[in-house]
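Everything on this sheet refers to the single structure shown next.
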Amino acid sequence: MMLSTNSRLSAAVLVLCTAALAGCGSVEEKAEVIASIPTESASSGGTIPSSITDGSLWELEGSNPDPLVNSKTLIFLPLQAQYTSPNGNGLRHEYKIQQDLRVAMTDTYEQFQANIKVDMSAGGKTIIAQHHAGDLGTIMKVYVSDSSESGFDDSTASNGVFDVYVRLRNTSGVEEKFALGTITTGGSFVLKVVNNYGLVSVGAFGKTFELNVEDDSSSYLKFGNYLQSQNPEGNAKCGTPGDTSSFLACYASFGITESRVTMTDVSYSRVER
């Protein structure tokens with residue numbers, strides 16, 4: 001049984017998938033083979049995968065500045081791009097899977113990995129990767145946060161130590177959270193996110209959190225820098241959804257003047273059932 005592949009994947013990845021999967025039977029066997037397929041980044045010395053930048057699979061929220069600063073580096077700057085969505089809780093600078101290419105979590109094997117460097121003012125909080133449901137719900141979120149939210153390695157507001165953590169929504173719709181590690185501004189770490197047909201794993205700092213997640217028929221991956229407009233002490237929302245000026249005023253009131261996420265060694269692959 002052959003896996004169907006999105007026709008907009010790069011030719012190199014498509015050929016590898018087709019050749020490798022020709023005798024696979026179970027979902028587990030297919031997932032194992034797909035995980036071993038070299039991504040565009042790995043096969044081209046760290047070049048950003050063309051499927052991200054050529055408009056065939058992903059679209060960009062916040063086009064100015066372009067996050068692609070050179071062939072191997074993406075830099076996300078929401079304070080400069082100033083993109084806001086009608087229901088957003090802050091300014092975004094993100095890539096997301098195009099609407100007509102979104103499918104159920106259980107219909108997709110997907111891998112995203114990058115070396116992530118964060119330069120951010122104390123008190124800042126951002127989402128650097130997430131699986132979003134077709135509506136306003138979220139399935140997976142990876143945060144970098146200098147706030148007082150409890151349950152993580154530091155959990156102290158505005159002290160310059162950023163908790164890196166993940167929230168996953170399980171099959172019962174309950175969100176579970178897991179601490180991955182901490183960094184200070186200018187620090188970096190390698191993030192790996194895998195959706196194995198609804199079993200999602202998120203790894204960094206030598207730790208991995210894995211969970212069968214709530215499904216959605218139009219789920220999609222996003223990554224970049226979604227700067228939350230929240231009070232770091234208590235995490236109350238600040239500003240009005242869709243109102244850029246209100247978000248900028250909130251950031252200023254908390255002393256958040258810098259939010260830069262740099263991604264290098266980016267790899268991405270996706271195969272549908």
Side-chain angles (χ1 to χ4, degrees), residues 60-69 73-85 87-96 114-130 138 141-167 177-191 202 204-205 222-264 266:
L60 184 61
E61 292 181 316
S63 58
N64 186 22
D66 190 328
L68 184 68
V69 296
T73 309
L74 296 168
I75 298 180
F76 299 95
L77 300 162
L79 290 173
Q80 286 72 39
Q82 295 189 9
Y83 180 93
T84 184
S85 57
N87 298 295
N89 182 46
L91 301 180
R92 307 173 183 266
H93 200 196
E94 296 179 298
Y95 281 105
K96 63 180 181 180
N115 185 297
I116 297 173
K117 180 175 181 288
V118 179
D119 297 277
M120 188 173 298
S121 301
K125 180 179 185 179
T126 189
I127 298 173
I128 56 172
Q130 61 178 310
T138 54
K141 293 176 285 189
V142 181
Y143 286 89
V144 179
S145 174
D146 183 16
S147 71
S148 63
E149 185 176 355
S150 63
F152 304 118
D153 293 329
D154 183 68
S155 296
T156 303
S158 303
N159 69 341
V161 178
F162 293 83
D163 284 296
V164 181
Y165 62 94
V166 57
R167 288 181 170 274
K177 61 185 183 180
F178 184 78
L180 293 166
T182 62
I183 59 170
T184 56
T185 187
S188 61
F189 60 96
V190 175
L191 174 71
V202 179
F205 304 96
K222 304 182 74 174
F223 71 92
N225 187 351
Y226 178 16
L227 184 62
Q228 303 294 283
S229 187
Q230 294 182 3
N231 187 331
E233 189 65 63
N235 298 285
K237 293 182 179 181
C238 180
T240 302
D243 186 343
T244 298
S245 296
S246 72
F247 292 144
L248 291 172
C250 288
Y251 300 140
S253 69
F254 303 131
I256 299 169
T257 59
E258 182 179 27
S259 180
R260 173 190 295 258
V261 172
T262 303
M263 296 191 184
T264 54
V266 177

Which pair of heavy atoms, one from [X] and one from [Y], lies closest together, and at what distance?
| X | Y | value |
| --- | --- | --- |
| Val202 | Leu191 | CG1-CD1, 3.8 Å |
| Ala81 | Gly62 | CB-CA, 4.2 Å |
| Tyr165 | Ser145 | CE2-CB, 3.8 Å |
| Leu68 | Asp66 | N-OD1, 2.9 Å |
| Gln228 | Tyr251 | O-CE2, 3.4 Å |
| Gly90 | Phe247 | N-CZ, 3.3 Å |

Could you grab the distance from atom [atom1] of [X] to atom [atom2] of [Y], nearest 0.5 Å is fine?
| X | Y | atom1 | atom2 | answer |
| --- | --- | --- | --- | --- |
| Ile75 | Met263 | CD1 | CE | 11.5 Å |
| Arg92 | Glu61 | CZ | CD | 5.0 Å |
| Glu94 | Ser85 | CD | OG | 8.5 Å |
| Ile256 | Cys250 | CD1 | SG | 9.0 Å |
| Ile116 | Ser188 | CD1 | OG | 9.5 Å |
| Lys141 | Ile127 | NZ | CD1 | 5.5 Å |

Taking C-beta and beyond as the side chain, do [X] and [Y] meet within less than 4.5 Å on heavy atoms?
| X | Y | answer |
| --- | --- | --- |
| Pro78 | Tyr83 | no |
| Asp146 | Pro232 | no |
| Phe205 | Asp153 | no |
| Cys238 | Phe254 | yes |
| Thr126 | Phe76 | no |
| Asn235 | Lys125 | yes |
| Glu233 | Ser158 | no |
| Glu149 | Tyr143 | no |

After noting the C-alpha distance and the side-chain angles of Leu79 and Leu227, does the key distance pass the side-chain contact (heavy atoms from CB on, under 4.5 Å) rule? CA-CA 8 Å; Leu79 290 173; Leu227 184 62; 3.8 Å; yes
Does [X] reach the main-chain N or O of [Y] with its side chain, forming a donor-acceptor pair under 3.5 Å?
| X | Y | result |
| --- | --- | --- |
| His93 | Val261 | no |
| Asn231 | Ala236 | no |
| Ser148 | Gly234 | yes |
| Ser121 | Glu258 | yes |

With sequence neighbours excluded, residues passing side-chain contact (heavy atoms from CB on, under 4.5 Å) with Thr244: Gln82, Thr84, Leu91, Leu248
Non-neighbouring partners of Lys117 that pass salt bridge (Lys or Arg N to Asp or Glu O under 4.0 Å), sequence neighbours left out: Asp119
Can you give me every donor-acceptor pair (side chain of residues 177-185, partner residue at least two apart or in another chain, under 3.5 Å) with its distance?
residue : atom : partner : partner atom : Å
Lys177  : NZ   : Ser150  : O            : 2.7
Thr185  : OG1  : Met120  : N            : 2.9
Thr185  : OG1  : Met120  : O            : 3.4

I'd like to know whether Val144 forms a side-chain contact (heavy atoms from CB on, under 4.5 Å) with Phe189, so could you lay out the CA-CA distance, the side-chain angles of the two residues, the decisive distance to 0.1 Å, and finally the verdict. CA-CA 11 Å; Val144 179; Phe189 60 96; 4.2 Å; yes
Please lay out, stage by stage, how Gln130 and Tyr226 fare under the test side-chain contact (heavy atoms from CB on, under 4.5 Å). CA-CA 10 Å; Gln130 61 178 310; Tyr226 178 16; 3.7 Å; yes
